[in-house]
Amino acid sequence: MEKELQSFFGSSVFNKKVMKAMLSEEAYRGIEKTIDERKELNIEVANEVAKAMKDWAMSKGATHFTHWFQPLTGITAEKHDGFISRVSDEAIISDFSGKDLIKGEPDASSFPSGGLRSTFEARGYTAWDPTSFAFIKGKTLFIPTAFCSFTGEALDKKTPLLKSMEALNEQALRVTKLLGVKAKRITPMVGPEQEYFLIDKEVFGKRKDLMLCGRTLFGAPAPKGQQLDDHYFGIIKPRVQSFMEDLNEALWKLGVPAKTEHNEVAPAQHELAPIYESCNIATDHNQLTMEIMKTVAQNHDLVCLLNEKPFAGVNGSGKHNNWSLSTDTGINLLSPGHTPEEHLRFYLFLTAVIKAVDEYQDLIRISVATASNDNRLGANEAPPAIVSVFLGEELTSSLLAVSEEICKTDAKKKYLDLGVAAIPTFVKDSTDRNRTSPFAFTGNKFELRMLGSSNSIADSNIVLNSAVATVLKEFADELEKDSSNKSIINLVNREVAAHKRIIFNGNGYGEEWVEEAAKRGLLNLRSTPDCLPYIIEKKNVDMLTSIDVFTTAEIYSRYTIQLESYCESMLIETRTMIEMVNEDYLPAISAYGGKLAKTAIDKKQVSSSIPCDYEERTLEKLSTLLKEAKELTDKIEEAIGSTKFESIAEKAMFIKDTVIPLQEKLRSKIDACERICPESSWPYPGYGKIMFSVI
Ligand code: ADP
Ligand code: MG
């Protein structure tokens, strides 16, 4: 089996192994240098790589190729081109040159640009990212690319991600050099744990809200939800198991190292975790994972829901972004290490991350801000909207008192405890599972738990990489003048004292934390419209532009796009609600009321002494709810129809402050009717039917 898996894993990927076998020695060396050291590729090598890529792809049945990119919609985009270049009488000539590989020119006019591109400059460029391998899906060769406007501004998530990785590499290397660490390259490593729901396709097709919005907008709680805690890590149902097997197979072929799978807390909820990889590859692979989850589900007559809150009253889905820093020599800079020197290095990098998170907490919050994730953050099932760092009590107290003695003592204590050189016991033991923290240190990595299940992980990693790079730059500037242990310790002590407010080891779900965080001056940006304006604050624009991750124009464009996307998703939900209420719920409630009325009249006709209390009281309740629901629907319709706004920020605020509260009220009226009306007269399947649809 191991052999089978070896030959199977990555079999649809044009990876180094394939390249080595198909390219001349010189060309292979060229492309390897580009992949490992980001050296520029010359056109001769590109031509040879392109030919090998085409031959390999066609030998595996591919007929088309596409530049695959990640526009600001948060999902991926592709435009397929045939390998055919000319058709003569005798034969079709296939062609694919280095130029085709390196650059594409899709029409960019229908992708969000946030004002970066005028329509007359509709052209966009895609540029090959050789660090992420090409792969075959279906009959098409997919080439991972970055996507830019005609004038060179990034229109995608990959460009700034790669830039943030470069910035981090450069600054981290300055610091490691001072510490005597041998390394030529430092890479952020990421393992994203992905949550999702699986429901039956048939029941999905009966819910307009699930089909149009990816989540239910109405629905009374089912008698059974997650009260028994019987789903988490529970036995996986055969139908789900068979889905997972196919999913793994599809992902492994594409070189995605899917590893762990289990049931999650809510009914019908599951999780998949891959083995961690370089941040860029992990991002591409997470996009692929989300896409393949959806297609494989279809093959099993299932639907995979990636929305953050498909059902009210049970847990929503998130994504945990596990993040660490690794040298090309195999050192994890967030690992405490074995010796006093390694301890000091660990404390220094730990401090850099803590300072970065404190100073750019707003950007971290923004990196996960979507309308659908707003439904989940802070609902006592996911971390709050307040960003804080969990270290565990023991590590916190060591960090608060770092000294040469502490570095030595830890090492000595460990040698005494275990008698061998191993990871110090204190870190593993004390970084336990505080599930309520948005950003937890878990032994040798940080885990950002605020991401929504449908978020692209690019956004959070751009922010983490950029913020940590910026802090490391400051550290390097200072330590390059004096890199003695004393000077490092002084720096750590000073920065920890200045940023310790961000460290919180308690219960992140508690009300007390909200008060305490406010006292500490931490931000609590509850919603997308609340947090987004922070992206254009001078401090953040200065940071992101000074390390060359974004231009000011790119930041403003992303600000606009994120707000537009918030408004559009909210308005789609609003219009769906109105349609469901007007066309389906209200007529159904009225019809059932009519039935009750008729029954009461019939009874009375038989004999006026037959009690009709049930019919009368129910009819009265339903009629009141019906009236209120209709009034609320009209109010919502009016609200979204008439108002003009000065800015997109103002519109988003209006939706949050005026439309959402009305929607919540409307939902409560309809859900109250659902509890009263019999299933047979209700137009949509209820929560119990949907969440327990997979048997
Ligand atoms: P859990 O948090 O569920 O106990 P783990 O902590 O073992 O599971 O791993 C969760 C995710 O973290 C996996 O995707 C794993 O590959 C990733 N991970 C483990 N070590 C690192 C690391 N050093 N850097 C980045 N990600 C890592
Ligand atoms: Mg984890």
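Every value quoted in this text rests on a predicted model; they were computed, and no experiment measured them. Quick note: numbers below take in every heavy atom, side chains included, and nothing from hydrogens, waters or symmetry partners. Both counts, for ligands and for their atoms, begin at 1 and track the order of listing.
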Take the angle between the ring planes of W252 and F8 and call it parallel below 30°, perpendicular above 60°, tilted in between. perpendicular
Mind telling me whether F135 and F142 have parallel, tilted or perpendicular rings, with 30° and 60° as the class edges? parallel
For ligand 1, indicate whether the residue K259 contacts it via side chain, backbone, both or neither (heavy-atom separation under 4.0 Å). neither
Could you check which of A440, P274, P188, G191 puts a non-hydrogen atom nearest to atom 13 (C) of ligand 1? P274
Side chain to side chain, L363 and M543, heavy atoms closer than 4.5 Å: yes
Is the distance between the ring centroids of F446 and F441 less than 6.0 Å? yes
Does any N/O atom on K445 come nearer than 3.5 Å to any N/O atom on ligand 1? yes
Taking both backbone and side-chain atoms of W323, is any N or O found less than 3.5 Å from an N or O belonging to ligand 1? no
With a 4.0 Å cut-off on N to O distance, would you call K137 and E291 a salt bridge? yes
Taking only non-hydrogen atoms of N332 and a 4.0 Å limit, the atoms of ligand 1 in range are 23 (N)
For ligand 1, which atoms sit closer than 4.0 Å to a heavy atom of I275? 16 (O)
